[in-house]
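Here the structure is laid out as structure tokens; the discussion comes afterwards.
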Amino acid sequence: MPELPEVEVLRLSLARRLPGRQIARVDVRSPALREPLDRKVLRSLLAGRSIERLRRRAKYLLIDVEGGSTLVIHLGMSGRLTLIDRDQPVVAHEHLALQLDGDQRLRLVDPRRFGLAFALPSATLEDDRHFAHLGIEPLGDELDGAYLRAQARGRRGPIKTFLMDGGVVVGVGNIYASEALWRVRVHPRRSVARIGAATWQRLADAARSTLSDAIAEGGTTLNDFSDGDGNAGYFQVSLAVYGQDGKACPRCGRTIRKIVQANRSSFYCPGCQH
DNA sequence: CGTAGACCCTGCGCGC
DNA sequence: TGCGCGCAGGGTCTAC
């Protein structure tokens, strides 16, 4: 369950349910994620603590517990974090489960194992290597045309790859990079050196609005992450170009094409993106 | 230094 | 029906 909108909707949903609940037990069932789960640290920093609040940095979900520790979860490509009844059977790829007071558990399932789960003691979060090199958040007002233009100065390479560079701005994943470029009619292969100030501003606005629109849409189409089978997670938003190759561009009618950049698929309309 | 490509891993859908 | 292939929304590392 990757892109930022899913993580943000998940955060909002869990923020209504988890604060005040106590983590009765921490079960590491299968430690093999991108980095091995550390059962000892997870237990010592989380077990017996109450959950205080949920935050997000980039696509990392941050679950703060009393005493200042934080459980950090990244869902990678295929991770799902769901709140389920305690008596639901353990499923394949259930790597981590937090048994909560009451009768529920919060479980992390991740077949492809690109996800992460680790715990940090207080105050070390921004120093942690996972966060140290991250760029700005895309939803706040830090992201504007001047910032992107300054970051792109002296760089080459295509705009699509640049938008997905987490050292510049976090959270613009493969879907929303294509969607944002379609909104501003910029071809994904256009060099960052050939983008003017006004277009940088439109790009910044498009990146933010593409993400926030998806969050709004996801928040309405998906309002419950605690369904019985634990399959909630992805939500489908209306996409103009992503995955639409062969179909007609909703703006100009030309056929949407698919290309590969940096080993990722990009989708664009050859009629109205230049 | 920045950039391009390989790579990590499993599951699914498609074409044959 | 069965099988092999390509592909998947994440990030990181290495080689140039």
Side-chain angles (χ1 to χ4, degrees), chain A residues 1-10 29-37 56-61 72-81 91-95 108-118 128-135 138 148 150-182 188-194 207 210-211 213-215 217-218 221-222 230-246 257-268:
Chain A
M1 179 170 78
E3 299 241 7
L4 183 140
E6 280 91 343
V7 180
E8 180 62 12
V9 171
L10 172 63
R29 303 211 145 93
S30 171
L33 286 182
R34 197 166 89 220
E35 296 166 14
L37 301 194
R56 179 189 56 74
R57 172 73 172 112
K59 292 166 188 162
Y60 294 89
L61 184 69
V72 182
I73 289 178
H74 195 294
L75 298 171
M77 293 277 262
S78 59
R80 289 196 313 267
L81 186 68
V91 294
H93 310 295
E94 182 170 332
H95 296 277
L108 174 64
V109 176
D110 185 1
R112 290 179 71 183
R113 297 194 245 144
F114 292 164
L116 288 175
F118 57 94
D128 183 82
R129 64 189 167 83
H130 298 91
F131 304 95
H133 303 293
L134 293 181
L148 289 181
Q151 288 290 311
R153 171 156 269 148
R155 295 181 64 160
R156 311 181 327 277
I159 181 60
K160 157 87 159 22
T161 311
F162 177 80
L163 282 181
M164 290 184 66
D165 184 343
V168 176
V169 55
V170 300
V172 184
N174 203 37
I175 290 179
Y176 296 105
S178 281
E179 292 295 312
L181 287 167
W182 179 82
R189 282 208 175 112
R190 167 120 57 109
S191 165
V192 296
R194 291 184 43 248
T210 307
L211 293 169
D213 289 354
I215 291 166
E217 204 172 333
T221 60
L222 180 102
N231 278 329
Y234 298 154
F235 51 79
Q236 208 50 42
V237 297
S238 43
L239 301 172
V241 286
Y242 185 86
Q244 310 298 311
D245 51 318
R257 300 235 295 250
K258 171 178 158 176
I259 58 175
V260 175
Q261 299 177 273
N263 284 334
R264 316 295 294 274
S265 294
S266 302
F267 300 85
Y268 72 100

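By convention in this document, chain letters (A, B, ...) are assigned in the order of the sequence lines, proteins followed by strands, and residues within each chain are numbered from 1. Note that the structure is predicted; figures quoted are calculated from it, not measured.
One atom, NE2 of A:H95, and another, C1' of C:dG10, lie 14 Å apart when rounded to the nearest Å. Summarising the geometry, the separation between CG on A:L61 and C1' on C:dG10 is reported as 15 Å, rounded to the nearest angstrom. In this entry the distance linking NZ of A:K258 with C1' of C:dC7 reads 7 Å, nearest Å. For A:L239 and C:dA8, the CG to P distance is 14 Å, given to the nearest whole Å. For A:F131 and C:dT12, the CZ to P distance is 11 Å, given to the nearest whole Å. A:L116 has its CG atom 8 Å from the C1' atom of C:dG11, to the nearest Å. Regarding A:R80, its CZ atom lies at a distance of 15 Å from the C1' atom of B:dC9, rounded to whole Å. Put simply, CD on A:Q261 is 9 Å from P on B:dA4, counting in whole angstrom units.
Within 4.0 Å of A:N174, counting heavy atoms only, lie sugar-phosphate atoms of the nucleic acid but no base atom. Across all strands shown, A:R264 has heavy atoms under 4.0 Å from base atoms, whether or not it also approaches the sugar-phosphate.
Ring-to-base geometry does not place A:F114 in a stacked arrangement with B:dC9 (centre distance under 5.5 Å, plane angle under 30° required).
A distance-only check finds no donor-acceptor pair linking the side chain of A:T210 to the backbone of A:E179 [under 3.5 Å]. Judged by distance alone, the side chain of A:E217 and the main-chain N or O of A:S238 form a donor-acceptor pair under 3.5 Å.
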Apply side-chain contact (heavy atoms from CB on, under 4.5 Å) to A:F131 and A:V72, showing your working.
-> CA-CA 11 Å; A:F131 304 95; A:V72 182; 3.8 Å; yes
Might you work through the side-chain contact (heavy atoms from CB on, under 4.5 Å) test for A:L4 and A:I215, ending with a clear yes or no?
-> CA-CA 8 Å; A:L4 183 140; A:I215 291 166; 4.1 Å; yes
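When all heavy atoms of A:F162 and A:L148 are compared, the pair lying nearest together is CZ-O, 3.7 Å.
Taking side-chain N and O atoms only, A:S78 has no distance below 4.0 Å to OP1 or OP2 of C:dG10. Contact annotation: A:K160 side-chain N/O to B:dA4 OP1/OP2 distance is not under 4.0 Å. Taking 4.0 angstrom as the limit, A:R155 places a side-chain polar atom (N or O) nearer than this to OP1 or OP2 of B:dT3. When the side-chain nitrogen and oxygen atoms of A:H133 are compared with OP1 and OP2 of C:dG11, none of them lie within a distance under 4.0 Å. A close approach under 4.0 Å does occur between a side-chain nitrogen or oxygen of A:H74 and OP1 or OP2 of C:dG11.
Residue-to-nucleotide contacts include a donor-acceptor pair under 3.5 Å from the side chain of A:R112 to the base of B:dC9.
The side chain of A:M77 sits closest to C:dA8 out of C:dG11, C:dA8, B:dA4. For A:S265, the side-chain atoms get nearest to C:dC7 when compared with the rest of C:dC7, C:dG10, B:dT10. Side-chain proximity of A:M164 to the nucleotides C:dG10, B:dT10, C:dA8 is greatest for C:dG10. Picking from C:dC7, B:dC7, B:dA4 the nucleotide with the shortest atom distance to the side chain of A:N263 gives B:dC7.
Among the candidates A:L81, A:V91, A:L75, the single residue satisfying the side chain to side chain contact (heavy atoms under 4.5 Å, CB included) test with A:V109 is A:V91.
Along DNA chain B, the nucleotide closest to A:R113 and the one closest to A:D165 are compared, and the more 5′ of them pairs with A:D165.
Every stem involving DNA chain C, taken as at least 3 paired positions in a row under the Watson-Crick or G-U wobble test at 3.5 Å, is listed here: B:2-8 with C:10-16, B:10-16 with C:2-8.
Partners of A:K160 under the side-chain contact (heavy atoms from CB on, under 4.5 Å) rule, at least two apart in sequence or in another chain, are A:M164, A:N174, A:A177, A:S178, A:L181, A:P188, A:Q261, A:R264, A:S266.
When the P atom is used for both C:dC7 and B:dG5, the distance is 15 Å, rounded to whole Å.
Salt-bridge check for A:D128 with A:R57: failed, with every basic side-chain N at 4.0 Å or more from each acidic carboxylate O.
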